[in-house]
Amino acid sequence: MIFSERLKELRHKAGISTIELAKLTGMSQSAISKLENGQRRIDLEALSAICAALGVTLSDFFSGDEPSLPPDLLQL
């Protein structure tokens with residue numbers, strides 16, 4: 001699975017919108033949308049923030065494992 005698809009999949013599983021993910025990460029909603037559409041590259045700092053907001057490790061993100069935190073704990 002490519003990065004953009006995995007990001008969208010994990011966001012949907014967490015039950016949050018691109019606006020909510022943007023707030024949790026300090027990124028703009030536009031940046032999140034562009035990442036999900038493969039129109040933007042990501043740096044390690046932003047990827048770490050996204051993983052933290054989605055409750056997954058970097059390893060889980062790329063291995064396809066499920067989030068390690070229950071969805072109710074993801075809503076900060």
Side-chain angles (χ1 to χ4, degrees):
M1 180 177 290
I2 61 173
F3 173 83
S4 58
E5 292 172 352
R6 180 67 171 152
L7 173 57
K8 194 172 197 174
E9 173 191 41
L10 289 172
R11 182 179 59 76
H12 282 252
K13 284 183 180 179
I16 60 175
S17 68
T18 55
I19 293 170
E20 292 169 315
L21 183 57
K23 288 178 184 177
L24 291 170
T25 61
M27 299 173 70
S28 70
Q29 186 276 333
S30 174
I32 299 294
S33 181
K34 287 179 181 180
L35 287 168
E36 286 190 356
N37 291 310
Q39 299 172 344
R40 181 179 172 145
R41 292 181 186 213
I42 191 165
D43 61 32
L44 185 57
E45 183 179 337
L47 179 56
S48 294
I50 287 173
C51 286
L54 295 175
V56 297
T57 64
L58 286 170
S59 177
D60 290 345
F61 188 98
F62 291 106
S63 70
D65 291 342
E66 294 299 313
S68 56
L69 295 176
D72 60 320
L73 293 180
L74 297 177
Q75 303 297 323
L76 301 177

Asks: If every non-hydrogen atom of S28 is compared with every non-hydrogen atom of A22, which pair is closest and at what distance?
Replies: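 Taking every non-hydrogen atom into account, C-CB, 3.6 Å.
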Asks: Search all heavy atoms of C51 against all heavy atoms of T57 and return the closest pair with its distance.
Replies: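 C51 and T57 have their closest heavy atoms at SG-O, 4.0 Å.
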Asks: Could you point out which residue of R40, K8, R11 forms a side chain to side chain contact (heavy atoms under 4.5 Å, CB included) with L35?
Replies: R40
Asks: Among I42, L21, T18, which residue meets the side chain to side chain contact (heavy atoms under 4.5 Å, CB included) test with L7?
Replies: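 Per the side chain to side chain contact (heavy atoms under 4.5 Å, CB included) rule, the option paired with L7 is L21, out of I42, L21, T18.
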Asks: For M27 and I50, which heavy atoms make the closest approach, and how far apart are they?
Replies: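 Residues M27 and I50, closest heavy atoms: SD-CD1, 4.0 Å.
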Asks: With distance as the sole test, does E20 use its side chain to make a donor-acceptor pair with the main-chain N or O of S17 at under 3.5 Å?
Replies: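 Yes: the side chain of E20 pairs with the backbone of S17.
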Asks: Quick one: does any side-chain atom of S33 pair with a main-chain N or O of Q29 as donor and acceptor, under 3.5 Å?
Replies: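 No; zero donor-acceptor contacts below 3.5 Å.
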Asks: First locate atom CD1 of I19, then atom OG of S30, and finally report the distance between them rounded to the nearest 0.5 Å.
Replies: 11.5 Å
Asks: If you compare all heavy atoms of D60 against all heavy atoms of R6, which two are closest, and at what distance to 0.1 Å?
Replies: O-NH2, 3.0 Å
Asks: Which pair of non-hydrogen atoms, one from G38 and one from S4, has the smallest distance, and what is that distance?
Replies: N-CB, 3.8 Å
Asks: Go through the steps to decide whether L54 and I16 satisfy the test side-chain contact (heavy atoms from CB on, under 4.5 Å), and finish with yes or no.
Replies: CA-CA 9 Å; L54 295 175; I16 60 175; 3.9 Å; yes
Asks: Which heavy atom of A49 sits nearest to which heavy atom of T25, and what is that distance?
Replies: O-CG2, 3.7 Å
